[in-house]
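What's counted below: heavy atoms across the whole structure, side chains too, no hydrogens, waters or symmetry copies.
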Amino acid sequence: MRIAVCDDIPKELEKILAALDVYEKAHPELCFEIDEYSTAMDILYAVEKGKEYDNAFLDICMAGILGTDVAEEMLSKSPDMGIIFLTISSEYAVEAFAMNATHYLLKPFSQEQFDTAMSRAVKKVANCDVISLPCVDGVYRIRIREIVFIESQGHYLMLRLSCGEILRMRKKIFQMFEEIKKYSEFIRVGASYIANLSFVRKISVNAMNMYTGEKIPIPRRSSGKVQKAYMDFCRNEAMK
């Protein structure tokens, strides 16, 4: 599990890292890769450069910016990333859970409370589906949630991943959709695209604007169907 920890108070950062160490020693079957950050700008810069995490511990009240704002930016890159907020006040609890936070820890927290939060985070990662993709330069194993969209270009498919990488494979788009249509976040958009609705930032009559910056055109004949599918997806996600 790739974990980011961000708190601008050194002693608080140390407490989180110490609690992580205790949890990891109690669960030898798990392996953690942990990056620590002392400012919000540092973690945002790392994410902008392509760093990805399965889970992030974020202090809510940091100098110059709220942890919820940091989380929003990070989630725009990795929508399925788990967020555990830490704060001395419950003031932001509603906003935090509206962002589908994994957990909300009030400081000071006990090891037991921390372990509960971590167990939820571990379960969330364990439930992620992985798919094997035979691409032109080798076979890749990636998480379904990493695929932003798939574009058909001639005899090849171009798979845009959330980390910015583009995979190239020789396959028809209808064949690819048959493989992944069981995942509710994917939808065919016209003859050339499969889009992951988790990455849609804005949808209009004729286009999908993705969090990664790309724009997917929506054919006029299927505009209503695509917009309805997106609204249904958002509604279902909110009810989980």
- Task: Check the pair D137 / R168 against salt bridge (Lys or Arg N to Asp or Glu O under 4.0 Å), numbers first and verdict last.
- Result: CA-CA 8 Å; D137 61 340; R168 185 166 172 256; over 6 Å; no
- Do H27 and M118 have side chains that get closer than 4.5 Å, going by heavy atoms? no
- Can you tell me how far CG of L30 sits from OG of S119, rounded to the nearest 0.5 angstrom? 9.0 Å
- Query: Would you call R160 and I150 a side-chain contact if the rule is heavy atoms closer than 4.5 Å?
  - Reply: no
- Message: Does anything in residues 20-30 form a salt bridge (charged side-chain N to carboxylate O under 4.0 Å, His left out)? List the pairs, not counting sequence neighbours.
- Response: D21-K25
- Message: Any heavy-atom pair between the side chains of E36 and L13 that's under 4.5 Å?
- Response: yes
- Message: Tell me whether Q111 at atom CD has more than 12 heavy atoms from other residues, nucleotides or ligands lying less than 6.0 Å away.
- Response: yes
- Message: Is it true that, when you exclude L106 itself, more than 12 heavy atoms of the residues, nucleotides or ligands shown sit nearer than 6.0 Å to its CG?
- Response: yes
- Message: So for atom OH, which belongs to Y45, do other residues, nucleotides or ligands contribute more than 12 heavy atoms lying within a distance under 6.0 Å?
- Response: no
- Query: Strictly under 6.0 Å, is that where the ring centroids of F114 and F57 end up?
  - Reply: yes
- So how far is it from F199 CZ to I216 CD1, rounded to the nearest 0.5 Å? 11.0 Å
- How many angstroms lie between atom CG of D54 and atom CD of E33, to the nearest 0.5 angstrom? 9.0 Å
- Are any of the side-chain nitrogens in D7 or K15 under 4.0 Å away from the carboxylate oxygens of its partner? no
- Query: Is the shortest distance from a Lys or Arg side-chain nitrogen in R120 or D115 to a carboxylate oxygen in the other one below 4.0 Å?
  - Reply: no
- Given side chains that start at C-beta, do those of L44 and T39 come closer than 4.5 Å, heavy atoms only? no
- Query: Taking atom CD of E52 as the centre, does the number of heavy atoms from other residues, nucleotides or ligands within less than 6.0 Å exceed 12?
  - Reply: yes
- Query: Who pairs with Y211 by ring-ring contact (aromatic ring centres under 6.0 Å, His included), at least two apart in sequence or on another chain?
  - Reply: none
- Query: Between K171 and E179, is there a side-chain N and carboxylate O pair less than 4.0 Å apart?
  - Reply: yes
Would you tabulate the side-chain donor-acceptor contacts of residues 152-159 under 3.5 Å, counting partners in other chains and residues two or more places apart, or write 'none'?
unit_1 : atom_1 : unit_2 : atom_2 : d
Q153   : NE2    : E151   : OE1    : 3.4
Y156   : OH     : R170   : NH1    : 3.4

- Between S223 and the options R221, Q227, K225, the side-chain hydrogen bond (donor to acceptor under 3.5 Å, both in side chains) test singles out Q227
- Residue from L66, D69, V70, I84 passing side-chain contact (heavy atoms from CB on, under 4.5 Å) with L58: V70
- Query: Quick check: are there more than 12 heavy atoms from other residues, nucleotides or ligands sitting under 6.0 Å from CD of E112?
  - Reply: no
